[in-house]
Amino acid sequence: MSGNETYMIGHLEEALARDPRVNEQGLHVEVDEGTFVVRGSVSTPERRAGVEAVAADLLPGHPLRNEVTVSDYPELGEVEAIP
Amino acid sequence: MIRVAAVGDVHVGRDSRGRLRPHLKHLPERADLFLVAGDLTRRGLPEEAEVLAEELREVADAVPTFAVLGNHDFESGREQEVVEVLAGVDVQVLEGEAMVVAVDGTTVGIAGAKGFGGGFPGASGSEFGEPEMKAFMRHSAEAAGRLDAALAKIAGEDVRIALMHYSPTEDTLDGERLEIYPFLGSYFLAEVLDRHAPDLALHGHAHAGSEKGLTAAGVCVRNVAQPVLGRAYATFCLDRGRGDVACEDATATGETGA
């Protein structure tokens with residue numbers, strides 16, 4: 001990975017946190033043979049699509065693999081007794 | 001016996017309508033109160049709070065519901081409007097404040113404060129150097145001070161719960177990158193908890209952390225960030241107070257189960 005790619009990772013993570021289309025601080029970016037790969041989870045399909053829009057604006061022409069998932073948390077009946 | 005449902009980091013936006021409410025359907029049967037540990041919204045906009053208010057309306061009608069704000073809720077500088085929108089559906093946001101509810105004759109005090117980062121012993125910031133660094137650490141100390149004030153108000157209650165957004169302990173950060181611990185919590189909060197020894201301390205914020213921890217003096221800490229829970233909310237049972245049903249009985253009979 002080039003130095004330039006290292007900084008691009010940082011800037012993309014920053015943009016994903018700040019951009020209103022995503023606003024997610026917990027996404028991680030790596031570069032795999034020239035392709036930027038974003039991983040993590042967001043709350044809605046709109047925010048998942050936002051990942052691609054933000055990356056396209058920031059890194060035009062760079063290939064992107066969006067591995068971000070949309071979380072869906074079921075209601076479970078587990079109870080923890082606090083001692 | 002007191003049953004507490006809790007979750008943090010729901011990050012509700014205008015695109016979240018209908019995504020939370022279906023997963024809270026059974027909460028009123030399973031819990032006596034509901035606590036939300038900050039990052040209520042995505043950007044801290046009143047219109048996002050309107051969506052959240054609708055998602056929480058039925059639950060808040062059924063059980064007392066309290067929240068603290070998280071860092072996301074400050075993004076737009078309109079956090080007071082967020083608080084007011086939620087108050088409209090009886091979701092009370094606490095910051096340096098406490099509320100007491102009675103459950104079958106047992107008083108439950110909830111002390112709320114957002115908290116802040118700063119770090120943990122051996123890897124903590126100091127109020128030293130540039131004004132920006134001093135301001136960061138001063139905010140951390142002030143945030144802990146607000147938790148202290150809130151806990152002092154519920155000293156005499158049968159059950160006492162501390163509700164924060166930031167973590168008081170490294171235990172519940174396990175899974176996060178070590179480098180970001182100072183942005184995830186502060187030991188100032190744990191010091192306050194140890195001084196008051198509440199029955200339970202809840203926080204969110206650390207999405208890649210872990211559920212269970214303790215402060216140095218043994219206060220029970222739970223990270224209820226939704227991505228950590230992997231479920232809609234956690235439910236805790238505390239064998240305290242005057243009720244005649246024990247947690248063990250309730251869980252055995254399925255009263256609090258699925």
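The chains referred to below are lettered A, B, ... by the order of the sequence lines, with proteins before strands, and numbering in each begins at 1. Computed from heavy atoms alone, side chains included, the values below leave out hydrogens, waters and symmetry copies.
Residue B:Ile180: no heavy atom, backbone or side chain, is found under 4.5 Å from chain A. Both the backbone and the side chain of A:Thr44 come within less than 4.5 Å of a heavy atom in chain B. Heavy atoms closer than 4.5 Å to chain A are found nowhere in B:Val7, neither backbone nor side chain. Contact annotation for B:Val10: only backbone heavy atoms (N, CA, C, O) come within less than 4.5 Å of a heavy atom of chain A. Contact of A:Val22 with chain B is made through the backbone alone, with heavy-atom distances under 4.5 Å. Of the atoms belonging to A:Arg18, it is backbone heavy atoms, and not side-chain ones, that fall under 4.5 Å from chain B. Proximity to chain A (any heavy atom under 4.5 Å) is restricted, for B:Asp199, to the backbone atoms N, CA, C and O.
Shown here is B:Glu58, whose CD atom has no more than 12 heavy atoms of other residues, nucleotides or ligands within 6.0 Å. Around atom CD of A:Glu33, no more than 12 heavy atoms belonging to other residues, nucleotides or ligands sit under 6.0 Å away. Within a 6.0 Å radius of CZ in B:Phe183, other residues, nucleotides and ligands contribute 12 heavy atoms or fewer.
No side-chain heavy atom of A:Val79 sits under 4.5 Å from any side-chain heavy atom of B:Arg30.
No other option in B:Arg42, B:His207, B:Arg222 has as many heavy-atom pairs under 4.5 Å with chain A as B:Arg42. Ranked by heavy-atom pairs under 4.5 Å with chain A, the list B:Arg43, B:His72, B:Glu75 is led by B:Arg43. Comparing A:Pro45, A:Pro20, A:Gly40 by heavy-atom pairs within less than 4.5 Å of chain B, the highest count is held by A:Pro20.
Taking each heavy atom of A:Tyr73 and B:Pro227 in turn, the nearest pair found is OH-CA, 3.3 Å. Taking both residues in full, the closest heavy atoms of B:Phe236 and A:Ile82 are given as CD2-CD1, 3.7 Å, listed atom of the first, atom of the second, then distance. The minimum heavy-atom distance linking B:Gly230 with A:Pro74 is given by the pair O-CD, 3.7 Å. Across all non-hydrogen atoms, the minimal contact from A:Glu75 to B:Leu24 is OE2-C, 3.4 Å.
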Verify side-chain contact (heavy atoms from CB on, under 4.5 Å) between A:Arg47 and B:Asp15, making sure each step is shown before the conclusion.
CA-CA 8 Å; A:Arg47 290 176 220 182; B:Asp15 54 359; 2.8 Å; yes

Checking A:Glu78 against B:Arg231 for the salt bridge (charged side-chain N to carboxylate O under 4.0 Å, His left out) test, could you report, in this order, the C-alpha distance in whole Å, the side-chain angles of both residues, the deciding distance, and whether it holds?
CA-CA 10 Å; A:Glu78 295 168 21; B:Arg231 56 195 190 276; 3.7 Å; yes

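Judged by distance alone, with hydrogens and angles left aside, the side-chain atoms of B:Arg19 form a donor-acceptor pair with the main-chain N or O of A:Ser43 at under 3.5 Å. Checked by atom type and distance alone, the side chain of A:Glu80 never pairs as donor or acceptor with a backbone atom of B:Thr235 at under 3.5 Å.
In this structure, a donor-acceptor pair under 3.5 Å is present between the side chains of A:Asp72 and B:His23.
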